Chemist: 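Could you have a look at this structure, given as structure tokens, before my questions?
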2 protein chains.
Amino acid sequence: MPTDNHASMADVARLAGVSVATVSRALRGSPLVSAETTARVAAVAEELSFAISRAASGLARGRLGRVGVLIGSPLQTWFSGSVLDAVYARLALADVELTIFRAQDAAERDAFFTRLPVRRNVDALIVASFALTAAERNRLHSIGLPLVYLNQRVAGVPSVAIDDVDGTRQGVRTLLGLGHRRIGFVQTDLHRPGFVFSSARRVQGFHDAMDEAGVGEEDRILLVAPHPQAGDVVAQAVLSMTDPPTALAVDSDDLALNALVALDQVGIRAPRDLSVIGFDDHAHAGRMGLSTIAQPVDVLGTAAAELALTLAAGEVPEHPDVLVPTRVVLRLTTGPVPVREPR
Amino acid sequence: MPTDNHASMADVARLAGVSVATVSRALRGSPLVSAETTARVAAVAEELSFAISRAASGLARGRLGRVGVLIGSPLQTWFSGSVLDAVYARLALADVELTIFRAQDAAERDAFFTRLPVRRNVDALIVASFALTAAERNRLHSIGLPLVYLNQRVAGVPSVAIDDVDGTRQGVRTLLGLGHRRIGFVQTDLHRPGFVFSSARRVQGFHDAMDEAGVGEEDRILLVAPHPQAGDVVAQAVLSMTDPPTALAVDSDDLALNALVALDQVGIRAPRDLSVIGFDDHAHAGRMGLSTIAQPVDVLGTAAAELALTLAAGEVPEHPDVLVPTRVVLRLTTGPVPVREPR
DNA sequence: CTGTTAGCGCATTCAT
DNA sequence: ATGAATGCGCTAACAG
């Protein structure tokens, strides 16, 4: 008596007058099944609101129809959320589910890497943008699970990454084009476990652009903020300099926005007194008019999902290392070099 | 030959010199297994980096160790992200996985409700904060899956919700306490499928507070913005009034922040010319100094996860309807009634 | 306390 | 083109 509840393939088979095997084949679109049978099975399945049990199907097939994403920061974060959105969309097209794994602090991180709960529970894992220790990386590689790194490159592992160096280079070039020469680069803490890699590469891009323009070391001002909320640190640093930069390229929009607010409070306005360009194109950058080096996170997520699906299917990706270009978006916080009198 | 790869319970059993059943029991901490056996099994499991196959375990137990969250908006959203963070944390404590289902537009919504892919693939589903049509609700209830509604109340379904009415009431009371009488309430579009319910209740709270204070209809100004980004609409509305309100209570922080920017651009400053209070305590409210009615999203998510776990375990929750209180957070955008001369 | 047996729901042989 | 049989890895009786 197949009630509305919990229809299984057996129920569908009974009602369609075929065997379970045929139902299985029909629903997977096997060419071995006649068109009419397939249609009948589909109709019955629909009527019963049949939904496949991924547990059973996965057990039998050895593939679970599920991809995991390992995130190193809170999900509430702009970056995490954006990546998840894009990954979700791509996976949905392939009818693959998304399961989240978070490692936002030492405890979660430890739990994840010692227990490796992804093992045998996803077909592939996307490791999103956080720096792994050598031990963690080894552990991850030892589990024989297809891996995709996002914003992190490791030899032999498929990855998708932003071109941090080129992005920053372009951003700084833009500042140089506006006439700035004495330029500061603000990076967020070097010991924060999350985004060290990108940060280092962005500094590299900064120097590249300055090199190109023939700007000497004396006009390159490197600042470090302890965390992305420390806008006040940036403001104080600028305020305390006898010869402050006329433009600032900042590590992330998050920090840039906080810096803008803090700078405003000490009477320094952008771009009147100081040009500011961020990195990311954070959801709130638009609202605040922040010029920025846009990181197309959706492209990143989509590409990562694509790779994960390919690997999960046991295929070899054609382009296992995707480099995603950035784009400079000029809004209201960048402008020409201020005339240094009013202060 | 148990390689490092893919250790199963059979491998553990062999190496520990016991049966698979014993391994299963030992790993689940059954009191039926002797302490030494349990220890030995645990040691071997650890050595082999054994991770259980949820597919197999779920199939055998009838419980999958997985909870789904259905989200009606992009995951990148402050609300979605915050809820997911809290839900994730609670589920992780119970060693339950989190799978995401998104229904951010008509297409995804349709796909979800016609196919109901959650069916037989999660132990419980948390439906986060979006208004369902009657048909959708019926469909959902027909699948015999434990359900938890978040910020939505339906008779007979366990739920966790913010006290929108009381929250807004408190917020408006605060404005009244500052001396304001002519107060505007800005709500976001009524036809947006997402958050209709909360919006209506928030209007209710506004009227309650005004009633209490004996403020007449003529001093209650209701505004509607088409979407949360339409801060300019708000600014224009205020600007165009001959007798504008001295304070604004806004539906959401998102809209309030956009309104602040737009108001600023037309020369209206908060709280000098106009007090503004938002709703949510969005991640960026703090940075912008926005006073707001804080919605403890983490509490919401934790409570929802708790309910989901209880229901998934087949138990009956003690308090199936949780009402979460809000809290007024005063920052920089609220102040006394301006002296109406300078304009 | 532990092992043996059966079965969860589906996909894949192998028959026919 | 379809059905019957077997097994995926685990858990839950049932024995002992």
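In the text below, chain A, chain B and the rest are named by the order of the sequence lines, each starting its count at 1. Only a predicted model underlies this, so the values are computations on that prediction, with no experimental measurement involved. These values consider heavy atoms only, across backbone and side chains, with no hydrogens, waters or symmetry-generated copies.
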Chemist: Just jot down the salt bridge (charged side-chain N to carboxylate O under 4.0 Å, His left out) partners of Arg66(A), sequence neighbours excluded, or say none.
Modeler: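 Residues passing salt bridge (charged side-chain N to carboxylate O under 4.0 Å, His left out) with Arg66(A): Glu97(A).
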
Chemist: Does the side chain of Thr37(B) get closer than 4.0 angstrom to OP1 or OP2 of dT2(C) through an N or O atom?
Modeler: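 The answer is yes; a side-chain N or O of Thr37(B) sits under 4.0 Å from OP1 or OP2.
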
Chemist: Reading DNA chain C 5' to 3', what string of ( ), [ ], | and . shows its pairs, if Watson-Crick and G-U wobble pairs count only when both distances fall under 3.5 Å?
Modeler: ||||||||||||||||

Chemist: For chain A and DNA chain D, what are the first and last nucleotides along the strand, 5' to 3', with at least one atom under 4.0 angstrom from a heavy atom of the protein chain?
Modeler: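 Taking any atom under 4.0 Å from a heavy atom of chain A, the span is dA1(D) to dC10(D).
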
Chemist: With sequence neighbours left out, what residues match Ser34(B) under side chain to side chain donor-acceptor pair (under 3.5 Å)?
Modeler: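 Partners of Ser34(B) under the side chain to side chain donor-acceptor pair (under 3.5 Å) test: Thr37(B).
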
Chemist: Return each pair, listed once, that meets side chain to side chain donor-acceptor pair (under 3.5 Å) where at least one residue sits in residues 299-311 of chain A; pairs must be two or more places apart or across chains.
Modeler: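 Counting only pairs at least two positions apart or across chains, the side chain to side chain donor-acceptor pair (under 3.5 Å) contacts touching residues 299-311 of chain A are Arg90(A)-Glu306(A).
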
Chemist: Residues in salt bridge (charged side-chain N to carboxylate O under 4.0 Å, His left out) with Asp85(B), at least two apart?
Modeler: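 Per chain and number, Asp85(B) pairs via salt bridge (charged side-chain N to carboxylate O under 4.0 Å, His left out) with Arg102(A).
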
Chemist: Mind checking side chain to side chain contact (heavy atoms under 4.5 Å, CB included) for Ala92(B) and listing every partner two or more places apart, or none if nothing turns up?
Modeler: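 So Ala92(B) forms a side chain to side chain contact (heavy atoms under 4.5 Å, CB included) with Tyr88(B).
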
Chemist: Taking Asp123(B) for its side chain and Leu64(B) for its backbone only, find out whether a donor-acceptor pair lies under 3.5 Å.
Modeler: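 At least one qualifying donor-acceptor pair exists.
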
Chemist: Under the rule for side chain to side chain donor-acceptor pair (under 3.5 Å), what residues qualify as partners of Ser82(A), not counting sequence neighbours?
Modeler: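 Counting only residues at least two positions away or on another chain, Ser82(A) forms a side chain to side chain donor-acceptor pair (under 3.5 Å) with Trp78(A).
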
Chemist: Suppose we screen for side chain to side chain contact (heavy atoms under 4.5 Å, CB included). Which residues come up paired with Asp110(A), at least two apart in sequence or across chains?
Modeler: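 With neighbours one apart ignored, the set is Thr114(A).
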
Chemist: How would nucleotides 6-13 of chain C be written as a contact map, 5' to 3', with B for base contact, S for sugar-phosphate-only contact and - for no contact, using protein heavy atoms under 4.0 Å?
Modeler: -BBBBBBB

Chemist: Tell me, please, which residues at least two apart from Asp105(B) pass salt bridge (charged side-chain N to carboxylate O under 4.0 Å, His left out).
Modeler: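 Scan of Asp105(B) (salt bridge (charged side-chain N to carboxylate O under 4.0 Å, His left out), adjacent residues dropped) gives none.
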
Chemist: Just to verify, what does Arg115(A) make a salt bridge (charged side-chain N to carboxylate O under 4.0 Å, His left out) with, not counting sequence neighbours?
Modeler: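 By the salt bridge (charged side-chain N to carboxylate O under 4.0 Å, His left out) rule, Arg115(A) matches Asp95(B).
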
